[in-house]
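Position 1 is the first residue of the sequence; numbering continues from there.
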Amino acid sequence: MKKSFKVLLSVVLAMVMLLSAVPVFAAEEGVWKEKVPKLSSNYIFGKTVLDGMIYVIGGSVDNISQNTVQVYNPETNTWEFKSPMLTNRKSLSAVTINNKIYALGGQSDDGHSLNVVEEYDPQTDTWIPKSNMPTKKHDFASVVFEGKIYTFGGVSFADQPGSGPVLDIIELYDPETDTWSKLSNRMPSGEKLFEAVTIENKIFMVWDGGEIYEYIVSQDVWEKIYSPIEDDGLRHQYNITSLAEKIYITRNTNSNDSQYVYEFNTITNKLSIHSDLPIVTLYEILNVNQRLFLLNSTATYIYNDKLGYPLNLTAEAGDSQITLSWNLVEGADSYTVKRSTTQGGPYDIIAEGVSETSYLDTDVINGTTYYYVVSAVNAAGESGNSNEASATPEASASVNNNRAILVIVLENGQEKEYDVTMSEVEEFVNWYQGNLTVAYAIEKTGNVGPFLNRTDYIIHDNVLTFEVNEYELTQ
């Protein structure tokens with residue numbers, strides 16, 4: 001989305017803010033593959049994804065704001081320029097909605113914050129101005145949620161460059177009506193140099209202190225779901241993206257220490273190290289068709305250069321079985337199914353070489369909840385895991401296939417005898433006890449003769465008693 005470099009006050013605790021509660025284990029090495037570099041070596045640019053393409057918008061080159069638009073095609077490994085924005089700016093935010101790109105706010109060369117909004121149409125390769133944001137700001141988070149664009153926080157150097165408040169405001173844009181509104185809801189505190197992602201019906205944010213917040217829009221509820229150690233006064237720039245139920249995080253630091261991509265599981269609220277970064281520098285991270293990409297001022301990297309992640313894994317429970325299904329992954333030769341009885345894993349492999357996009361797990365126990373993920377496999381290797389899906393198998397209600405001789409004795413002493421199923425017996429008993437209608441129809445199965453059917457209508461008040469003689473059918 002955006003950001004600007006932030007000179008750290010100290011390098012002593014450069015990795016502490018986020019690593020303090022991270023499980024210690026070796027990060028995966030050699031997994032980021034360098035692709036063709038960008039056409040222009042800009043930084044603090046806006047970024048977004050549209051139709052499987054990465055758009056790098058504006059930014060700064062040699063401290064001069066840009067209006068350039070660079071587009072990367074992962075399938076052809078090529079960059080190209082598109083029509084430039086109408087406004088030169090850096091530290092802006094960019095989002096995609098309704099097959100259009102919106103460039104929001106930012107900062108001019110003289111240091112003033114901007115409230116300019118422009119819309120890009122990839123079909124015509126043109127930019128047009130839209131309604132300005134209510135507040136001039138830069139270094140803010142923006143996200144698409146339920147057909148609207150939400151912007152959070154930021155900093156406003158509207159009146160004097162280099163001086164202005166850090167914001168706690170939430171502003172909402174409706175692209176259908178081209179209107180902005182400032183919500184009465186507020187963030188827990190003012191924030192800048194941070195980003196947001198949407199996962200299902202929640203918005204997640206990583207603040208510049210390393211805290212991770214969950215925001216439930218419908219309830220206006222904020223919850224801190226990950227806290228670093230006690231604040232030491234340092235602030236960092238975090239860049240994030242989401243894939244399935246996980247958030248992937250990079251952090252800007254001027255330290256010479258190793259730097260990582262972090263993985264935060266929004267189901268378990270656990271943070272871990274995903275992989276080493278290629279070199280220590282500021283990266284933007286993006287999800288393109290379920291593959292992770294990194295961009296710095298010049299370079300382009302892809303994670304593993306393998307396969308996309310399986311999408312939309314679902315689990316449907318039955319009696320002593322669970323049926324899994326997921327979306328087809330382009331280029332996959334097979335799939336690996338993994339299972340756990342603990343939410344969030346660790347998972348055991350229960351099936352490899354699965355050729356279809358579904359799997360029936362019959363090695364389950366009724367009443368036990370199982371958690372599943374699926375990965376795609378081809379000659380290049382294995383993708384990451386899908387979203388997690390869970391189900392609890394239960395025993396089916398038993399079905400009585402027996403029949404019965406139903407003998408009804410009327411008040412005049414007449415006996416009526418019928419050969420019926422046990423479900424028909426149940427229907428008759430329910431009718432008699434409930435007395436919902438005066439008469440009850442019973443189809444006669446024997447001695448039909450030349451008729452299409454024969455039906456007896458039993459009058460409720462004429463029934464003196466009845467008898468059920470159940471028997472089991474034999475082959």
Side-chain angles (χ1 to χ4, degrees), residues 1 3 5 14-15 18-19 22-45 47-49 52-56 59 70-79 195 197 206 210 236-244 246-265 271-310 329-332 373 375-386:
M1 293 177 182
K3 311 297 181 296
F5 282 101
M15 299 304 296
L18 201 56
L19 279 174
V22 178
V24 179
F25 55 85
E28 192 171 356
E29 298 180 355
V31 293
W32 289 101
K33 311 296 182 182
E34 189 166 7
K35 311 299 281 188
V36 66
K38 289 159 49 188
L39 299 174
S40 174
S41 58
N42 58 339
Y43 59 98
I44 52 176
F45 47 79
K47 70 181 190 297
T48 190
V49 176
M53 309 284 193
I54 297 175
Y55 284 75
V56 171
Q70 302 176 68
V71 181
Y72 177 70
N73 185 336
E75 301 306 318
T76 60
N77 189 30
T78 56
W79 284 92
E195 287 194 338
V197 293
V206 180
H236 309 275
Q237 176 180 328
Y238 293 94
N239 300 295
I240 68 176
T241 193
S242 62
L243 199 164
K246 296 176 182 177
I247 300 172
Y248 294 86
I249 307 166
T250 63
R251 189 188 73 182
N252 173 29
T253 175
N254 291 343
S255 170
N256 291 324
D257 295 336
S258 297
Q259 200 177 8
Y260 307 101
V261 174
Y262 302 99
E263 178 183 280
F264 181 78
N265 189 316
L271 188 75
S272 59
I273 296 172
H274 172 263
S275 58
D276 286 321
L277 288 172
I279 58 174
V280 177
T281 187
L282 170 64
Y283 290 94
E284 303 282 352
I285 187 165
L286 304 98
N287 168 13
V288 185
N289 293 332
Q290 313 310 306
R291 292 181 293 177
L292 295 177
F293 285 81
L294 290 174
L295 303 176
N296 60 27
S297 59
T298 57
T300 310
Y301 297 89
I302 184 173
Y303 181 71
N304 265 338
D305 203 9
K306 293 179 182 177
L307 288 166
Y309 293 53
V329 175
E330 192 68 30
V373 292
S375 60
V377 179
N378 67 7
E382 182 181 4
S383 76
N385 291 332
S386 68

Item to check | Nearest heavy-atom neighbours spanning K246 and N265 | outcome: CE-ND2, 3.9 Å
Item to check | T250 (side chain) donor-acceptor with Y283 (main chain) under 3.5 angstrom | outcome: yes
Checklist entry - What closest approach, in Å, do V288 and P74 show between heavy atoms, and which atom pair accounts for it? => result CG1-CG, 4.0 Å
Item to check | Whether K38 side chain and S297 backbone form a donor-acceptor pair below 3.5 Å | outcome: yes
Checklist entry - Quick one: does T300's side chain have a donor or acceptor within less than 3.5 Å of a partner on K35's backbone? => result no
Item to check | Under-4.0 Å salt bridge between R291 and E75 | outcome: yes
Checklist entry - How many angstroms lie between CG in L277 and CH2 in W32, if you round to the nearest 0.5 Å? => result 7.5 Å
Checklist entry - Between N289 and G52, is there a donor-acceptor pair closer than 3.5 Å when you use the side chain of the first and the backbone of the second? => result no
Next on the checklist: Checking the side chain of Q70 only, and the main-chain atoms of V56 only, is there a donor and an acceptor separated by less than 3.5 Å?
Outcome noted: no
Checklist entry - What heavy-atom pair brings P310 and G384 nearest, and what distance separates the two atoms? => result CD-O, 3.9 Å
Checklist outcome for this item: Output for pair (L243 CG, N287 CG), nearest 0.5 Å, gives 4.5 Å
Next on the checklist: To check you understand the geometry: which heavy-atom pair defines the closest contact between V329 and G308, and what is its length?
Outcome noted: CG1-O, 3.5 Å
Next on the checklist: Would the distance check show the side chain of N239 and the main-chain N or O of I285 forming a donor-acceptor pair, the cut-off being under 3.5 Å?
Outcome noted: no
Checklist entry - If you round to the nearest 0.5 Å, how far is OG1 of T78 from CG of N73? => result 5.0 Å
Item to check | Interatomic distance, L271 atom CG to Y262 atom OH [nearest 0.5 angstrom] | outcome: 8.0 Å
Checklist outcome for this item: d(Y301 OH, L294 CG) to nearest 0.5 Å is 8.5 Å
Item to check | Test side-chain contact (heavy atoms from CB on, under 4.5 Å) applied to Y72 and L286, L295, N77, the passing residue | outcome: N77
Next on the checklist: Please find the pair of heavy atoms, one from V36 and one from W79, that lie closest to each other, and give the distance.
Outcome noted: O-NE1, 3.3 Å
Checklist outcome for this item: Closest non-hydrogen atoms of A244 and S386, given as atom of the first, atom of the second and distance, are CB-C, 4.1 Å
Next on the checklist: I need the N296 CG to E284 CD distance, nearest 0.5 Å.
Outcome noted: 10.0 Å
Checklist entry - Checking side-chain contact (heavy atoms from CB on, under 4.5 Å) for the pair L282/Y43: CA distance, chi angles, key distance, verdict? => result CA-CA 9 Å; L282 170 64; Y43 59 98; 5.6 Å; no
Item to check | E263 side-chain N/O to H274 backbone N/O, donor-acceptor pair under 3.5 Å | outcome: no
